[in-house]
Structure formats: structure tokens, C-alpha cells
Amino acid sequence: MNTANKLKIFNDPIYGFITIPNEQIFDLIEHKYFQRLRRISQMGLSYLVYPGAHHTRFHHAIGCMHLMQKAVQVLRFKGVDISEDEGNALLAAILLHDIGHGPFSHAMEHSIVNGISHEHISLQFMEELNKEFNGTLTLAIKIFKGVYHRTFMNQLISGQLDMDRVDYLKRDSFYTGVSEGNINSERIISMLNVVDDKLVVEEKGIYSVEKFLVARRLMYWQVYLHKTSLAAEQLLIRILQRAKQLHHNGKSLHASRALQFFLDNEIGKSDFNEEILETFSRLDDVDILSAMKEWQFSDDFVLSNLCKILLERDLLKIKIKKNPIKEAKLANHIEDFINKYNVTEEEANYFVFSGLIENQAYYVDKQNIHILMKSGKIVDVAKASDQLNLKALSKTVTKYYMCYPKK
């Protein structure tokens, strides 16, 4: 059955109509691995703070592909040689760059699987799809891995000014209503150029880049590292860790088939084979939510209470400080909790804990953003900018948090 002409346009609230450029991209979007992204929220539990933030990884991947189309167009117009194969590979690579995200995004990397990043799983999915697509994704995989000889192509996918960041800042600021993140994606893309196979931004685009970096910093503090989302994500990680622990102690918990598999087994990087990838591809936000709705009635004090407070949004109190949390303070809260609920210290640690968060908007030593001056000279954006704050943005800001139940 030929479905190639069934769907050629998406109506996107950010960019308007997005055209699907070719049959391969259409077939990738149609694939079950990619369709799963419709059931993975882009911003995890941020909707507990910003009710509009219900957009999905699917939305984001399509938006990134659209921006990549624009970038390829602009660069070709400026005389950068990008063959048809390279152009198609760039579109496929950016479309699939997030395909390995688990339910609720980053929470999974600390609980369902052990120390496996979503990038690693994305690559596994791409290798698997490459078999199905008769090797036609080989170049896309090379670019994604950063082993293709034309550096700027990988920079467009995972650099400091890549299509991924340009889309998520604009999209997330739209859906959260946080206008500080709204960047001018068209202006940024129209200022891109390539010198010696490396990505540069023309000098007149410098203010758009500054705005982009400032927006990134503000979105991290105001949205991605918002203390309530942070507390919620930590709860979710602990729910899954507790479920796994109970499961290992022989307690049976009701869960979907895919989630059950990951509760049963300790999956590390070396275990990730085709069969496990297939099981992982059946996991999405729905598995986790439905499990929590069941587990709130568990007779385990920890699991049932963690699920209730997350589902009912009666979250833990969270304090954020500039200095590390004092051990004595933490110990006091743990002791209060043990006395109040008559639980063990191990159980109390699920409800009282501390950690740290870091924010760095610009990395000086990692694929720097280079400005192409009118003189032809290439300068790092932090040096080219007349704004002192770009130097400040390249410093890591660390904050410390403590979570504990409300009185």
C-alpha cells in the first residue's frame, strides 16, 4: 500500500505549516518507534508547574527537522556544498536525535535503566532502523556520532547552537508561557555560515546569539530547574527505585508488561540488545502513570505515599541554597520523619534528601560558537560580544537543594 502521499504537511503552532520533504522522512515518522514519541512528554513533569507544558517529543523532533531544512537551505544559498545525500542524512539524524528518550525524559536514566543515556539508546534505535531501511541511514548515523569528516554537520545536531536547542527553547517557552525563552530562530538560522567545514555565525547575528544564550540560562532557572519540577522529578525517580527494590524482595507489583520487564531485570549498557530495545520501545508515560495509579494503594508505606503525593501534587517542600546543605539539618528532618511515621531510616531517606543542580549556558571549551567578523576573522562569541555577561554565562552556577515533607 503506497501511503507516500497521505500526509505531507503538519500544522505546527510555532512555525505554521511544516512540509515533510521526502518519502524516507515520511516513512521514519510513520514508524512505530517514532510514533511512540507522541506518548513521551517533552518536559517531563513540568506541567505540574506550567499547566500548558503538555507537548511531546514528537512535536519537538518534527520542529527540529523543519529548522534543519531551513538551515540547509540557507547554507546552500550561501554557497556551502551540501549534497542531496548529506541533506537527507542531516534531516534523518535530527529527526531521530531524541528517539531514545524514556518516559518522562530524564527521570528514566536514573531508575529504569542503569547509567544508560538517552543518546546511547537513540543510537541503538537508529542502528536498528538502519537495518530496516537497508542501510540508507548510515550517513545520518555517522553525522550523529560526530565521525563524519564535515564537522559543521554534527554541530547542527549537537553543538552549542544546534537545531535541537533552537527548537526546544522556542517551543518550551511557547507552551509554558515563559516569554524569556522566546528566541528568533529564523534570524539565528539566516545568520549561519560555514568556514573550513565548521559552523560560524555572521557578525551581524551576534545579538541574536547573545539573546539565545541569555534565554537558555533563564529557561534553565525558571523552567527546567524550577524547584517544584525538580522535587517532582526526584519523587518519580524514587518511586521507580522503590518499586524495583520491592520487586527484588519478592513483592509482586502490578505493571504493564514492558515496565514489568525493567522492574524484573537490571539493565546496564552492555545488556542493551535488540530484544531489550524492542521492549524499551513499548515504554512510555502511560506505563508510568498507570503504574502509579495502582501503586498508590500498595501496602508499602513508601511506595503508596510517594505515588499519592505525586499524583495529587501534594509535593515535598524544597529549599534551594547557594551553599551545601548542612548534614545536621538533614538529620533533623530525617529524625522528625522517623518519629512521626514510625519508619526506618532507609524508608525516611525516600522522603528527606538533598542534592545539587548546575546551570551553565555556554561552554567555552566545547564546540564553541564562533562569530565570523566582517574582516574575515573568526572569534569566539564570548570574546566578540561587548556584553560582559557572556563571560559570566560560561561559568557553572551550582545550587544545593533539600527536600522534606511539609509539616
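Side chains included, hydrogens not; waters and symmetry mates left out as well; all remaining heavy atoms used.
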Main-chain N/O of [Y] paired to [X] side chain as donor or acceptor, under 3.5 Å:
{"X": "Asn305", "Y": "Phe301", "value": "yes"}
{"X": "Ser122", "Y": "Gly100", "value": "yes"}
{"X": "Gln155", "Y": "Leu199", "value": "yes"}
{"X": "Asp196", "Y": "Lys198", "value": "no"}
{"X": "Glu127", "Y": "Gln124", "value": "no"}
{"X": "Asn249", "Y": "Lys251", "value": "no"}
{"X": "Arg242", "Y": "Val302", "value": "no"}
{"X": "Glu294", "Y": "Ala291", "value": "no"}

Could you check whether [X] pairs with [Y] (Lys NZ or Arg NE/NH1/NH2 to Asp/Glu carboxylate O, under 4.0 Å)?
{"X": "Lys32", "Y": "Glu278", "value": "yes"}
{"X": "Arg150", "Y": "Glu86", "value": "yes"}
{"X": "Arg57", "Y": "Asp98", "value": "yes"}
{"X": "Glu202", "Y": "Lys78", "value": "yes"}

Quiz item: So is Arg216 actually on top of Tyr168's ring, under 6.0 Å and inside 45° of the axis?
Solution: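 Checked: cation-pi criterion not met.
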Practice problem: Report yes or no: is the cationic atom of Lys227 (NZ for Lys, CZ for Arg) closer than 6.0 Å to the six-membered ring centre of Trp221, at no more than 45° off its axis? | Solution: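 Judged by the rule (NZ or CZ under 6.0 Å from the ring centre, within 45° of its axis), Lys227 is not positioned above Trp221.
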Exercise. Evaluate side chain to side chain donor-acceptor pair (under 3.5 Å) for Glu119 paired with His97, printing each intermediate quantity in order.
Key: CA-CA 7 Å; Glu119 289 91 352; His97 79 285; over 6 Å; no
Heavy-atom pair with the smallest gap, counting every atom of [X] and [Y]:
{"X": "Cys307", "Y": "Trp295", "value": "SG-CB, 3.7 Å"}
{"X": "Arg39", "Y": "Gln35", "value": "NH1-O, 4.0 Å"}
{"X": "Tyr350", "Y": "Arg238", "value": "O-CD, 3.4 Å"}

Quiz item: Under a 4.5 Å cut-off applied to non-hydrogen side-chain atoms, are Leu192 and Leu161 in contact?
Solution: yes
Quiz item: Is there side-chain contact between Ile189 and Leu67, with heavy atoms separated by less than 4.5 Å?
Solution: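 With C-beta onward as the side chain, the pair touches.
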Self-check item: Ring center gap for His59 and Tyr175 short of 6.0 angstrom
Solution: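 Close enough - the centres of the two rings lie under 6.0 Å apart.
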Quiz item: Stepwise, does the side-chain contact (heavy atoms from CB on, under 4.5 Å) test hold for Ile20 with Ile29?
Solution: CA-CA 9 Å; Ile20 295 177; Ile29 291 170; 4.0 Å; yes
May I have the list of side-chain donor-acceptor pairs in residues 253-267 shorter than 3.5 Å, sequence neighbours left out?
| residue | atom | partner | partner atom | Å |
| --- | --- | --- | --- | --- |
| Ser256 | OG | Leu259 | N | 3.3 |
| Ser256 | OG | Asp287 | OD2 | 2.5 |
| Gln260 | NE2 | His247 | NE2 | 3.4 |
| Asp264 | OD1 | His247 | NE2 | 2.3 |
| Asn265 | ND2 | Phe261 | O | 2.8 |
| Glu266 | OE1 | Asn114 | ND2 | 2.7 |

Self-check item: Residues Val200, Val194; criterion side-chain contact (heavy atoms from CB on, under 4.5 Å); working and verdict
Solution: CA-CA 6 Å; Val200 294; Val194 171; 5.9 Å; no
